[in-house]
Amino acid sequence: MSGSSAVSGSAPCRFAHYFVICGIDTDTGLEPDELAAHKGIGAAKALSGSSENFEQSPLKRTFKSKVLARYPENVSGNPFDQDAVNMLCMPKGLSFRTQADQRRPQFHSFIITKEDGSRTYGFVHTFYEEVTSPQICSAMQTLYQMHNAEHASANPPSSSSSSSSSSMDSLASSLDEADSPSSSLSSSRAAGSYDSSRDTLYVSKALCLITPMPFMHACRRFLSQLHRAVTAATAPPLPLESYVHNILYEVPLPAPGRSLKFHGVYEPIVCQRPGLGELPLADFSLAEAFSLLGVENLVQVFNCTLLEMQILLYSQDYQRLMTVAEGLTTLLFPFQWQHVYVPILPASLLHFLDAPVPYLMGLQSKEGTDRSKLDLPQEANLCFVDIDNHYIELPEDFPQFPNKTEFIQELSEVLLSFGISAKAGAPPRTHSSPGSTPSTPNREHKTVALRQLVDDGRNGNLAGEELTVLELLQGNATLERLQALTKRTGVMVAHVDALRAGVKAQGTEGQGNRTAAEEEEIRNAKLNVQLREVFASRFITMFADYESFVIQSAPDLESWLTNREQMHNFDKASFLSDQPEPYLPFLSHFIETQMFATFIDNKIMSQWEEKELLLRVFDARIDKARLYNVRAPSLRSSNYQRCSVLKESAQAIEQRLMKIDHTAIHPHLLDMKIGQGKYVQGFFPKLQADVLNTGPSNNKWSHRTASAQRRKDRLRQKTEHLNLDNDLKEKYMQEARSLGKNLRQPKLSDLSPAVIAQTNWKFVEGLLKECRMKTKRMLVEKMGREAVELGHGEANITGLEENTLIASLCDLLERIWSHGLQVKQGKSALWSHLLHYQAREEKLEQQQADSPVSYVPERRKSDSSISLPSLHISLIQDMRHIQSMSEIKTDVGRARAWIRLSLEKKLLSQHLKQLLSRQALTKKLYKRYAFLRCEEEKEQFLFHLLSLNAVDYFCFTSVFTTIMIPYRVVIIPIKKLSNAMTTSNPWVCVSGELGDSGIMQIPKNVLEMTFDCQNLGKLTTVQLGHDNAGLLAKWLVDCVVVRNEITGHTYRFPCGQWLGKGVGDGSLERVLIGELVVPNAEEDSGRGCWTPPLQRSPTQARRIKPTSGQIQEAIGEAVNNIVKHFHKPEKERGSLTVLLCGENGLVAALEQFFHHGFKSARLFQKTVFVWDFVEKAVAYMESADQMGDLQETAEPLGMTCQSVCRYVNAINSTSRNIGKDGKFQLLVCLGARDRLLPQWLPLLVECPVILRMYEDTALLRDRTPVNTLIGVLETLHDFPITLESSLVKGIDL
């Protein structure tokens, strides 16, 4: 993988594998590079037909480069990929210059990731060489004549010819335009023109080293010295073949923990490799990455990388793209980026930005192209990093990195200790305005060139020949004038002065032991490792106990690999329940990523195989931290812990660089034919292949390492499980990882339409598989089977986990909708499609409305039963709900809200099916290869989404808690027994988990009303009452039904009792407990099943007298349900009010207990209620207390008497007319909340009143069941019972 990039075969220990030269092939001449020229993203024009390349002046066109030579021909274990190397050495193809243009050498690096994830690094030094071939010069001359003739006919002479580069907005046009100021010798000459009789033509050539490890600084210095040898006035000490042969065959890779010195053309070069316990090698300057972006921006981009978003880096400079990309992946330690990784995206691969997977890619920008001109296929989950302008665009709504502020503070301190500001460093580039005169770009380009030098100076990257260029630039009269101007305007001068001062300082410093460059290298290496240690220590703190949660369930590697997909490898719920609260939002997202899954896979596989390098280092760090007891596992603290190993990590590097462990063989004369290796100043010679294609046979270390390698191989074969074929293992691993390794890197070598089609097909398959996995995971989570309730159900964890899964589903849908997209408005591909659909449908609606046949709404059945009108299922209606929500400001936010709403309504699959049924629209918006146009896959995808209808989500209601929602209330009276009409003034108050509606008057004789109210969440209770006015002030209500008009959730609140004075228990208001109605269920579907129907009221239940056994069973069941409620994770708990006051709740069960053996219900035609007994008992206790009878009783008993009297009197003195049953309900609820019920029962049982009001056989007069009841009720003392405000309103205790 990304960390272990050692190469097997005969060259495992060679410093460099290949030396490559790329440039112009004089035999084939000038070939236009149509792929590189054709740069618009998503442009669907046929490549051959594109005339874009020919509108530009010939010097600015792109021509094909070739690999001119490579040494050696091949290295076993690392075969040479010619197309990829050519493309990455010269991503823009060849570029031409004349003597009037800037021809500064450029350095950049690249990376080639193989299919198995291993990496090879390339380091490229590009310079300009004079064209000596008369054919090429005359071809260029001809092109110019054609161009000028065409241009003259197309444009009248008044227009300026510098506007010829019309494709300013084309995405990745050449950087050469940016740094090739046209000659200012004569204003009549066309900008960038060429005349063979008067001008000298130069063309770019690249020298490249391909190495197994990223020794960037050493390779940069070697190539720079090699080029210096060609341009110097005197020939180098030895033929160039000697130096190339030396680095290819005689310079070994440094051993781990050792440093190495080898010799370039002019001066020695030192490099070092970290030891086995240290962080792996990373030679790209993090200081540069931090000063380019600033600490805060870099931490934000790092966070997006951890959460596997799509990250697009954007810069004119290839090396900057590489520095930031490698910096980000290096800082991920111990994790590794698992997805597409292309730090430099060649122009011919722009279709890869269409990839519907996480990626980390670098795109070369063009001077003057601003962000708004970039038409990117998908932006909903994109982190866009404009490196040159030090600015980033982040996706919406993602969790922040834990302790971000303290983390940024610590990083800033490390940078400051090395004298680097934590703010974004290089001065922002100014863009010339479109209307500026043709001469301004010249100055613009010159300042850019100087700025790049200034940046290089600050980063310690100025080599000898660059200093001379700087002096030359500063000696330039035009530049001096520009500098004077900048001095007056106060821009940038400090940097030029700083550079001059730096150059002087370098001159003086070099007189000590070490040269200035060596000092700089040591400083850079120390800073790099210290910054990396700060990042590593964050992960060591966060994952100190990760091993405890790894699930090791397979007996051997083979069975683990075979069942990889069905297995849970990590106990996520328990891990999260062990983490500090502030870390949870980030960690719950992060542990769902592919990089975390791969990390855990590697951990499990380390039982049977050698530990992966990064894992080995990380585990060792954790053990060390445990030893020093940095974090006790019991300590769930979110306090920030600073990195404690900064000093020692920097010392290790300094010691290695001070004391060189190994010096390689010096370059020496080779056995070459006489007359070869001739020196011609300014031209890189054709090297002699026969001496460079084979290495020395008598090399001591190559023998030694080869035998060591053989030993290692033998050992590995022994330890490997012989029963598992390696190919099979690779196949399983590819299956196990979501998109397989083959998609981690696009094929650079073969760009035929067939290969592009195959890549897209893999994406389609990958998206479908990801959809299957995600929906399955969501179902398992929701049904609660995953964590076999281990008691880890902490308040917000599981809800948080559900939210994370839904967020990742939203992300997946956005990626599916942006695959193969060709028409998009706004940042969200899904919302854009919905808007197109909405526009079409509304147009059709309008046409229908205009036509004479009008739509007749379905009339409601005038049946005796009053019920809710059915909700119209409409995709457009749901969109309008979302559009009316002022809280949501962006398209991405609207798309996510719409997905959540559809999921909650169980309409997601149906809505998307409807959206995709308009095939003409889909064809207009999507290319042929898009996922949404693959019929079979699309059907399967909709089927997977349909499976989510099996569970209930409240992912819209629970997230958008502040929006206004329309509710509809229907009151259903029992008509046979009661007047449906009443003369009194009824009112209703609806309560939910998030609040209540307040008391609302219902218009007289109206049984249905709608009201708008801030989201109440899941509904729990309805209070229904009236003011008892008029003659018909009695009302028998069957139930109340309330529906959320946006989500369609319907709640039923059974009543079955009278409201009115002198009837029933005399109640004028009731608190009704609601339960969610299962949609589409038949009205009476409950009747045939064993659960009692919802609308059966407690009064009806009394008529069928239960036996004493059934009553005791009911109480046990009710208490059990409450206990179970508290043992569930919070997201699965449901409503406690239902368990207390609902039909089979605690109150109903206790009411039956108190009703058992209650003496004749009617005395003188007046119903006696249980509350009457309670009141009489309390009256007796109070009189006994006044007479002093209770004085003798034990102190606690006296206190209990006082408490029961206080509660009963408080309930009686409330202003609410809740009736006798309501009062008993309230007493039970308060007693359960305050843990007093078991103390009150003995008092009620001992009270003499019981003898008058209960028969001898009553349960309340039998000590055994009473004691059992007390014991059962005491089990509730372990739980914090909270009552919602609708139950306890108006009670003053």
(request) Any chance you could lay out the side chain to side chain contact (heavy atoms under 4.5 Å, CB included) test for V969 and I1002, step after step, and finish with the verdict? (result) CA-CA 10 Å; V969 181; I1002 303 171; over 6 Å; no

(request) Give a yes or no on whether the ring-centroid distance for F1224 and F1169 is below 6.0 angstrom. (result) no

(request) For I1281 and A1232, work out which heavy atoms get closest and say how close. (result) CD1-O, 4.1 Å

(message) I'd like to know if the side chain of T1214 and the backbone of I1211 have a donor-acceptor N/O pair within less than 3.5 Å.
(response) no

(request) Working to the nearest 0.5 Å, report the span between CZ of R1263 and CD1 of I1270. (result) 6.5 Å

(request) Using distance alone, with no hydrogens and no angle criterion, decide if E1182 and N1209 have a side-chain donor and acceptor under 3.5 Å apart. (result) yes

(request) Check for a donor-acceptor pair, side chain of Y1254 on one end and backbone N or O of F1154 on the other, with a separation under 3.5 Å. (result) yes

(request) Without swapping roles, check the side chain of R900 against the backbone of C955 for a donor-acceptor pair under 3.5 Å. (result) yes

(request) Could you tell me the separation between the CD atom of E1075 and the NZ atom of K1018, rounded to the nearest 0.5 Å? (result) 13.0 Å

(request) Identify the heavy atoms of N1121 and L1139 that sit nearest to each other, and give their distance. (result) O-CD1, 3.6 Å

(request) Could you tell me whether the side chain of T1050 and the main chain of G1048 form a donor-acceptor pair under 3.5 Å? (result) yes

(request) Kindly indicate, with the supporting measurements, whether the criterion side chain to side chain donor-acceptor pair (under 3.5 Å) is fulfilled by S588 and T804. (result) CA-CA 7 Å; S588 64; T804 304; 3.1 Å; yes

(message) Does T1021 form a side chain to side chain donor-acceptor pair (under 3.5 Å) with E1284? I'd like the steps, not just the answer.
(response) CA-CA 9 Å; T1021 60; E1284 59 180 85; 3.1 Å; yes

(request) Mind checking the CD1-CG spacing from I1115 to L1269? Nearest 0.5 Å is all I need. (result) 5.0 Å

(request) Mind listing the closest non-hydrogen atom pair of P1054 and L1072 along with its distance? (result) O-CD2, 3.7 Å

(request) Check G1017 against T957 and note the closest heavy-atom contact, atom names and distance. (result) CA-CG2, 3.6 Å

(request) Salt-bridge test for K1223 and E1069: reply yes if a basic N is under 4.0 Å from a carboxylate O, no otherwise. (result) no

(request) Return yes if some donor-acceptor pair links the side-chain N/O of H1026 with the main-chain N/O of L1059 below 3.5 Å, else return no. (result) yes

(request) Please examine the side chains of Y1051 and N1044, heavy atoms only from C-beta on, and report whether any two atoms are closer than 4.5 Å. (result) no

(request) Using a 4.5 Å cut-off on heavy atoms from C-beta on, say whether the side chain of D1234 contacts that of Y1207. (result) yes

(message) Donor-acceptor check, side chain of R1233 to backbone of L1283, threshold 3.5 angstrom: yes or no?
(response) no

(request) Give the minimum heavy-atom separation between H1277 and L1273, together with the two atoms involved. (result) CD2-O, 4.0 Å

(request) Mark yes or no for whether D571, through its side chain, and F549, through its backbone, hold a donor-acceptor pair below 3.5 Å. (result) no

(request) Mind running side chain to side chain contact (heavy atoms under 4.5 Å, CB included) on F1153 and L1260 for me, showing each step along the way? (result) CA-CA 7 Å; F1153 192 93; L1260 209 55; 3.6 Å; yes

(request) Please check if the side chain of Y967 supplies one atom and the backbone of L1016 the other of a donor-acceptor pair under 3.5 Å. (result) yes

(message) Checking side-chain polar atoms at under 3.5 Å, does E1175 have a donor or acceptor matched by the opposite partner on N1212?
(response) yes

(request) Quick one: closest heavy-atom pair of Y1180 and P1248, and the distance? (result) CE2-CD, 3.3 Å

(request) Flag the pair C1201 / L1243 as yes when at least one side-chain heavy-atom distance between them is below 4.5 Å, and no otherwise. (result) yes

(request) Drop me the distance from F1279's CZ to H1125's NE2, to the nearest 0.5 angstrom. (result) 10.0 Å

(request) Verify whether the ring centers belonging to F954 and H1049 lie closer than 6.0 Å. (result) yes

(request) Can you measure from CH2 (W1171) to CD (Q1225) and round to the nearest 0.5 angstrom? (result) 11.5 Å

(message) Any side-chain to backbone donor/acceptor pair from E904 onto T1047? Under 3.5 Å, distance only.
(response) no

(request) Could you please spell out the steps behind the side chain to side chain contact (heavy atoms under 4.5 Å, CB included) verdict for L1068 and D1027? (result) CA-CA 7 Å; L1068 291 185; D1027 64 356; over 6 Å; no

(request) Check whether any side-chain N or O of R1070 sits under 3.5 Å from a backbone N or O of W1058 as a donor-acceptor pair, and report yes or no. (result) yes

(request) Evaluate the side-chain proximity of Q1112 to V1272: yes if any heavy-atom separation is below 4.5 Å, no if none is. (result) no

(message) Let's go through F1126 and D1278 carefully: what are the C-alpha distance in whole Å and the side-chain angles of both, what is the deciding distance for side chain to side chain contact (heavy atoms under 4.5 Å, CB included) to 0.1 Å, and is it a yes or a no?
(response) CA-CA 10 Å; F1126 285 102; D1278 300 338; over 6 Å; no

(request) Mark yes when over 12 heavy atoms from residues, nucleotides or ligands other than E1113 sit less than 6.0 Å from its CD; otherwise mark no. (result) no

